[in-house]
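Chain A is the first sequence line, chain B the second, and so forth, proteins listed ahead of strands; every chain is numbered from 1.
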There are 2 protein chains.
Amino acid sequence: MSMQIGELASKCGVRIDTVRYYEKQKLLVPSGRTEGGYRIYSKVALRELRFILRAKSLGFTLKEIQELLTLKIDRENQPCSSVKELAEVKLKDIEEKLTELGRMHNALTAITDACCGGEEPATACSILDALDKEDS
Amino acid sequence: MSMQIGELASKCGVRIDTVRYYEKQKLLVPSGRTEGGYRIYSKVALRELRFILRAKSLGFTLKEIQELLTLKIDRENQPCSSVKELAEVKLKDIEEKLTELGRMHNALTAITDACCGGEEPATACSILDALDKEDS
DNA sequence: CTTGACCCTAGACTTAACTCCAGGGATAGG
DNA sequence: CCTATCCCTGGAGTTAAGTCTAGGGTCAAG
């Protein structure tokens with residue numbers, strides 16, 4: 001039903017420090033404290049941490065997750081469009097990175113394929129030449 | 001024929017600080033200094049800086065570019081295979097990132113497409129629900 | 001009552017690749 | 001000579017998301 005920080009962390013596969021860090025970032029507040037000052041977490045906190053981790057795995061930053069949580073907490077009064085907008089911004093973001101990585105991949109593949117990769121000296125290595133070319 | 005740091009930087013579209021930073025990282029040494037201590041760069045330095053920037057645009061880190069430069073400087077005695085190996089490691093690296101980003105893209109697209117995005121309250125928003133789901 | 005496992009805080013450190021700052025010197029044009 | 005523009009150094013700051021450290025308290029078992 002309720003647990004300490006160590007159990008919460010290990011249930012989610014993160015470090016204790018990470019949980020405390022999320023708290024400092026106002027992403028996750030413990031349900032209470034013991035007399036001795038230990039944080040206690042409920043099942044709700046477990047769900048919340050998992051929410052955060054899922055959003056992270058989709059590429060959201062902690063700052064963006066904060067926004068998502070703000071919307072989530074106040075769901076009744078927030079339009080779906082606000083949530084979808086965040087998701088779409090992030091999607092565009094991911095798409096840009098994909099494009100850029102694709103560009104790198106194509107260019108690097110091209111010059112790598114052209115290289116013999118043999119044991120002969122790299123005096124005329126086509127990779128080094130491509131990086132050193134006069135044009136562009 | 002030869003220039004100061006400002007001209008070199010602007011010819012390559014980087015900041016002066018960046019050039020000095022590359023020098024600190026032992027990527028780019030000026031050809032000399034004026035009496036007054038100003039760095040002077042030759043056409044060779046210009047090529048070298050462009051080499052660095054091209055490698056960077058292919059996804060190499062500065063540390064990896066250092067290795068490339070080490071090989072390049074000693075081309076005669078380095079096998080092509082060493083160069084190609086660096087390129088292939090980087091390619092694999094890029095491919096992993098592409099895979100991961102593709103995974104994110106698919107997942108986020110799926111849950112985003114399912115969201116109405118309308119002005120109605122997000123009480124049952126499918127994006128929030130997907131992030132909050134019990135399973136997985 | 002002692003041991004070991006757990007927890008607390010505040011704050012420093014990490015990585016990459018810059019970017020900025022203070023305080024000052026060099027150089028060219030008028 | 002004055003001014004504007006360039007340049008110098010050493011070192012600090014930036015960003016994201018943690019990770020680590022020192023020094024200490026809590027709690028349950030034996």
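No side-chain donor-acceptor contact under 3.5 Å links E85(A) and S82(A).
Residues Y41(A) and V29(A) are not in side-chain contact: their nearest non-hydrogen atoms beyond the backbone lie 4.5 Å or more apart. For the pair I40(B)/M3(B), no side-chain contact is recorded, criterion being any heavy-atom separation below 4.5 Å from C-beta on.
The nearest pair of heavy atoms linking A87(B) to T112(A) is CB-OG1, 3.5 Å. Across all non-hydrogen atoms, the minimal contact from L27(B) to Q66(B) is CD2-CG, 3.4 Å.
The closest donor-acceptor contact from the side chain of R103(A) to the backbone of L58(B) lies at 3.5 Å or more, if one exists at all. At least one donor-acceptor pair closer than 3.5 Å links the side chain of R47(B) to the backbone N or O of D132(A). In terms of modelled atom types and a separation under 3.5 Å, the side chain of S42(A) and the main chain of S2(A) share no donor-acceptor contact. Looking at K90(B), its side chain does come within 3.5 Å of a backbone N or O of G59(B) through a donor-acceptor pair.
Taking CG of L98(B) as the start and NE2 of H105(B) as the end, the distance is 12.5 Å to the nearest 0.5 Å. Residue T70(B) holds its OG1 atom at 9.0 Å from CG of D74(B), rounded to the nearest 0.5 Å.
Read 5' to 3', the first and last nucleotides of DNA chain C with an atom closer than 4.0 Å to a heavy atom of chain A are dC6(C) to dT9(C). Here chain A contacts DNA chain D (any atom closer than 4.0 Å to a heavy atom, that is under 4.0 Å), and the contacts span dA17(D) to dC27(D) from 5' to 3'.
The existence of a salt bridge linking E7(A) and K11(A) is confirmed by a sub-4.0 Å separation between a basic side-chain nitrogen and an acidic carboxylate oxygen.
DNA chain D is contacted by R15(A), D17(A), T18(A) of residues 3-19 of chain A, taking any non-hydrogen atom closer than 4.0 Å. If you check residues 31-49 of chain A against DNA chain C, the residues with a heavy atom closer than 4.0 Å are R33(A), G37(A), Y38(A), R39(A), listed by number. A heavy atom lying under 4.0 Å from DNA chain C marks the following residues of residues 21-28 of chain B, by number: Y21(B), Y22(B).
Each of R54(A), K72(A), R75(A) was checked for a salt bridge (Lys or Arg N to Asp or Glu O under 4.0 Å) with D129(B), and the lone residue meeting it is R75(A).
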Passes side chain to side chain contact (heavy atoms under 4.5 Å, CB included), F60(B) versus L108(A)? Steps please. CA-CA 10 Å; F60(B) 289 95; L108(A) 190 52; 4.0 Å; yes
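With sequence neighbours excluded, no residue forms a side-chain contact (heavy atoms from CB on, under 4.5 Å) with S10(A).
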